[in-house]
Amino acid sequence: MNPSPKAGILSVAKGQWEAARSTGLSFLATLAYVVLPQALRLTVPPITNRTIAITKNTALGTVIGVGEILNQATTAQSFSGNATPLMMGAVAYVILFIPVVVLGRLLETRFRWRRA
Amino acid sequence: MSPAPILDIRGLRKSFHHVEVLRGINLAVLPQELVFIIGPSGSGKSTLLRCCNRLEEPSGGSIRIDGVDIMAPSTDINAMRRRIGMVFQSFNLYPHMTALGNVSLALIKVLRKRRAEAERIALAALGRVGLSDKARSYPAELSGGQQQRVAIARALALEPKLMLFDEPTSALDPEPVGSVLNVMRELKRGGMTMLVVSHEMRFARDAADRVIFMDHGAIVEEGLPHQIFNKPCEARTGTFIAELVR
């Protein structure tokens with residue numbers, strides 16, 4: 001289900017290893033500074049997508065009675081008789097997603113090299 | 001008396017499984033010499049180059065670099081490799097680092113220099129290949145010729161005794177080839193010892209001290225560029241050069 005880190009490491013081109021080793025970097029230094037940073041970049045985007053999808057999909061949990069944000073807000077709204085709790089629910093979503101979106105943006109800039 | 005060779009290869013053999021790719025190569029490269037290797041594909045020229053820093057493990061024979069036997073168990077191959085610059089056909093720049101990062105990585109992690117010091121040396125190396133203004137660019141933002149020059153700077157920054165070039169211009173369009181060759185000419189003028197696998201005949205003619213023709217894992221013929229290109233002694237050399245010119 002998860003993109004395996006091993007697949008990420010294997011997908012880094014052999015030439016990267018050779019270039020790094022030819023400058024005198026050891027096996028471990030090559031892995032740490034050249035191969036893993038690239039392998040992680042290959043495995044992180046799918047994980048980010050999954051994070052957002054899972055968070056949004058928690059709303060589906062209402063069906064089996066999980067008290068997630070939207071459900072709680074709707075309940076509170078019917079108690080109070082105005083839309084404030086619903087607004088607070090929306091704000092809660094925004095607060096949850098801002099770090100994910102910021103992280104995504106950050107990765108996008110760092111990934112510039114992958115386009116070309 | 002001639003000076004001691006920087007690179008001294010004796011009886012070098014290399015087999016992949018049961019296929020013998022190098023069949024007893026003897027080759028000495030003197031300080032400041034530019035030796036050019038030509039030959040048909042599959043003749044073992046790249047393998048020969050890659051044995052010189054043990055990216056390929058030789059099956060037999062000996063290789064001495066600046067007097068040190070790189071095959072000896074007591075030799076620290078990582079320490080030797082940083083004295084042997086290597087430039088690849090496909091550049092192999094680290095895509096997640098800027099040009100400056102590419103050049104300074106080994107300075108920081110292998111030579112243990114402080115970042116400021118490493119970046120100063122890296123900038124000087126980038127200056128030598130005419131790319132001071134591209135220090136903050138990522139490889140994807142550079143043209144092929146520029147990438148190859150960054151790769152040369154990466155090797156150069158470690159002040160190697162010997163530079164190995166494995167078809168450095170084969171992956172380039174005709175136009176940027178000149179910029180890479182100019183950098184190599186500049187290195188030659190600066191006294192760098194170089195072993196070059198390439199088919200750039202015009203470059204070989206005016207920059208090489210010696211040209212070696214390889215075929216089927218052996219050195220068929222060696223001599224001065226004009227001798228090899230104009231009146232080769234061996235028929236095979238002549239045939240190959242005629243193909244190359246055509």
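Treat the numbers as computed from the prediction; the structure is a model and nothing was measured. We use all heavy atoms of the structure for the numbers below, so side chains are in, but hydrogens, waters and symmetry mates are not. Residue numbers begin at 1 in each chain, while the letters A, B, ... track the order of the sequences.
More than 12 heavy atoms of other residues, nucleotides or ligands shown are found within 6.0 angstrom of CZ on B/F16. Around atom CD of B/E117, more than 12 heavy atoms belonging to other residues, nucleotides or ligands sit under 6.0 Å away.
Neither the backbone nor the side chain of B/R54 comes within contact range of chain A; no heavy atom of the residue lies under 4.5 Å from a heavy atom of that chain. Contacts between A/A13 and chain B at a heavy-atom distance below 4.5 Å are absent for every atom of the residue.
Residues of residues 104-116 of chain B that come within less than 4.5 angstrom of chain A, heavy atom to heavy atom, are B/L105, B/A106, B/K109, B/V110 in numerical order. Contacts from residues 55-89 of chain B to chain A, taken as heavy-atom pairs separated by less than 4.5 Å, involve B/L55, B/N78, B/R81, B/R82, B/I84, B/M86, B/F88 in sequence order.
In plain terms, the two heavy atoms of B/R154 and A/T23 that are nearest each other are CG-CG2, 4.2 Å. When all heavy atoms are compared, the tightest approach of A/Y33 to B/H96 is O-NE2, 3.1 Å.
Looking at B/M97 and A/P37, their side chains never come closer than 4.5 Å, going by heavy atoms from C-beta outward.
Checking side-chain atoms of B/N92 against main-chain N and O of A/G15 turns up a donor-acceptor pair under 3.5 Å.
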